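Comments concern the structure below.
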Amino acid sequence: MTVNTSIVETADLMLARRQVRREKRKSFYSSIGQNKAAVVGGIIILLYISMTLLAPVLAPYDPYTINLQEKLQSPSFAHWMGTDDKGRDILSRILYGSRLSLGVGFSSVFFGAFFGILLGLIAGYYGKWVDTIISRSLDVMLAFPGILLALAIISALGPSLINVTIAVGVFSIPLFARIVRGSTMEVKQLEYIDAIRTLGANDFIIIFRHIFPNILSPIIVQGSMRLATAILSAAGLSFLGLGAQPPSPEWGAMLSSGRDFIFSAPYMAIFPGIMISILVLGFNLFGDGLRDALDPRMKK
Amino acid sequence: MIFFILKRLMQIVPVILGVTLVVFLIMQMVPGDSAVILAGEGASKETVEELREDLGLNKPLHEQYFSYIGNIFQGDLGHSLKNNQPVLEEIMIRLPITMELAFFSILITVVLGLIAGIISAVKPYSFSDIGVMLVALLGISLPSFWLGLLLMYIFSIKLQWLPVAGWDSMAHIVLPAITLGAGGAAIVARMTRSSMLEVVGQDYIRTARAKGLKEHVIIYKHALRNALIPVITVVGLQFGGLLGGTVLVESVFAINGLGRMIVDSIRTRDIPMVQGGVLVASLVFVFVNLLVDTLYRVFNKRIDLN
């Protein structure tokens, strides 16, 4: 009888929790729809994603074909963004390069989020010495200023776009882990988690089925903000010659080769820079809007 | 206060040890035999073995780590593979340049950020507010290395007002400092604005207004002083990004600082130089954080120092 009652109570608690989630989601969609900055950011991101998908259709020329007779041409009707020092069409290279720049951004954030979430969940749920070890390790990772940890990793692994993805991903891990740890600690104290535990659910089920879905909001906000930083960092590393290698049309690498022609053909550096800036602006706008819509403290 | 500083110093010891461990382990990941890399191409088998013995590379990993730590405490960061110069010597030449760049950049971050933030907050939702915040949003989104190239193109190549590259005079500092400080300034401006708006809504500001105090006294004496507390934290956090950012900006403007040294050493696979550079930059960052933390507590007397 008591067992039945507790099952019913737990089911009630879980249903109530689910209801709260559903209502939060509804209010989230409406507030993000009303946030002009988030809408503009979202449109920019969608345009860039379409660009990556439609690059072969939209690109007027092959991004890799060298045509020295047409090298260093200023923007014209034939070449909207001009041509580079090898006579390649800059617009076509930018369109194809979007795949690399966005791809590195998304993959590195996914990498950082995956390990960060896992560490944060474990530290927040188990607490005690497990938390101490994980938290102190995260402190150490955060003690490296800016992209220096990424630089150290690349110096060991060697310059390449994949290694840049790993390096940028690694330095995102502590940021995700910290947020997830804090949220996990809050949620695990809630009544319904106790109820589920009483019914015999194991830690794995509690962590991944009952805690994780309830801490998604801060993870999503962090993810969106990190994408902006990850794209900037990856482009920066390629600019230094430590990421994508020629003839890759990655935007940071294009900027790097454009630097040598800043006196004679500044457009070689200007266009890739504009593309990176608008994309980062899009993620920043979207991230700001997401945070406002998901953070209850921001609601008036 | 002294107790607080001592306590924080004790707390950063494990972080510093952790940083040395990470740097040590990352360098262990370098593919290939370290002794062969250190000896250089074409070195004889005997030379490689001699070097392995000398550097203790045949010892177990933990012993190697302990001797690495011991050397660091004695100020020995190894020798460059390129010119066999002591790493610390090279770093001591480069570090002041990077610190000078960082100092002027943080100056721009604070001054520009505060002015922009106050302009925005004084008349919220006005044209000046929206304008300043749009520029700030752009400032956050522009890649520093691109902004640097753009400024160089406009002010050095087209207008010829400032030198293109190098680090000889104050004129050389202007563009790199703006390039590096702009992103931080944008963040400080946003933070100052939101912090000021929050403070302006408080009761004591309403009381100050009711007392008939002049608006500028209210803004600068009452609102700004309290709004500055969270801004100090943001400036402190900016320093890390800024120190990392020197890597890019020094490369754009050909400045022979620590950041450029690290990048050049990665290209030439001069591992001890990379190791030493990253370690020193991280240590500087840890100590600056301690300084910011202390300042924060000095400004915010509400926080119990112990």
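Every chain is numbered from 1 and lettered A, B, ... according to where its sequence line falls, protein lines coming before strand lines. Everything numeric here is computed off the predicted structure, so don't read it as measured data.
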Heavy-atom distances under 4.5 Å only: say whether B:Ile157 touches chain A with side chain, backbone, both or neither. side chain
Please report the interatomic distance CG(A:Asp139) to CD(B:Gln11), rounded to the nearest 0.5 Å. 9.5 Å
Using every non-hydrogen atom in the two residues, find where A:Phe239 and B:Leu248 come nearest and quote the distance to one decimal. CD2-CD2, 4.1 Å
Side chain, backbone, both or neither: which part of A:Leu285 has a heavy atom under 4.5 Å from chain B? side chain
Can you give me the closest heavy-atom contact between A:Leu232 and B:Phe145, atom names plus distance? O-CE2, 4.1 Å
Can you say whether B:Leu142 sits under 4.5 Å from chain A via the side chain, the backbone, both, or neither, judging by heavy atoms? both
Test A:Leu240 against every option in B:Val263, B:Ile266, B:Asp264 by the side-chain contact (heavy atoms from CB on, under 4.5 Å) rule and name the one that passes. B:Val263
Interchain contact, B:Ile140 with chain A, by part (heavy-atom threshold 4.5 Å): both
Identify which part of A:Ala143 has an atom lying under 4.5 Å from any heavy atom of chain B, answering side chain, backbone, both or neither. both
Checked A:Asn284, A:Ile147, A:Leu148 vs chain B; the most non-hydrogen pairs under 4.5 Å come from A:Asn284
Part of B:Arg260 lying under 4.5 Å from any heavy atom of chain A: neither
Roughly how far, to the nearest 0.5 Å, is OG of A:Ser155 from CD1 of B:Ile262? 9.5 Å
From the list B:Val19, B:Ile26, B:Val23, B:Val278, side-chain contact (heavy atoms from CB on, under 4.5 Å) with A:Leu149 holds only for B:Ile26
To check you understand the geometry: which heavy-atom pair defines the closest contact between A:Arg259 and B:Leu149, and what is its length? CG-CD2, 3.9 Å
Where B:Pro143 and A:Ser277 come nearest, the two heavy atoms and their spacing: CD-OG, 3.2 Å
Quick check on A:Leu242 against chain B: is it the side chain, the backbone, both or neither that has a heavy atom closer than 4.5 Å? side chain
Closest non-hydrogen atoms of A:Asp288 and B:Arg190, given as atom of the first, atom of the second and distance, are OD2-NH2, 2.7 Å
Could you tell me which portion of B:Val288 (side chain, backbone, both or neither) has an atom closer than 4.5 angstrom to a non-hydrogen atom of chain A? neither
Would you mind checking which part of A:Phe144 comes under 4.5 Å of any heavy atom in chain B, side chain (CB onward), backbone (N, CA, C, O), both or neither? both
Part of B:Val274 within contact of chain A (heavy atom distance under 4.5 Å): side chain
Given the options B:Ile12, B:Leu138, B:Val15, which has more heavy-atom pairs under 4.5 Å with chain A than any of the others? B:Val15
Please find the pair of heavy atoms, one from B:Pro14 and one from A:Val140, that lie closest to each other, and give the distance. O-CG2, 4.4 Å
Pick one of side chain, backbone, both or neither for B:Leu283, based on which atoms fall under 4.5 Å of a heavy atom in chain A. neither
Which bit of A:Ile278 comes within less than 4.5 Å of chain B, counting heavy atoms only: side chain, backbone, both or neither? neither
Residue among B:Val286, B:Leu21, B:Val22 with most heavy-atom pairs under 4.5 Å to chain A: B:Val22
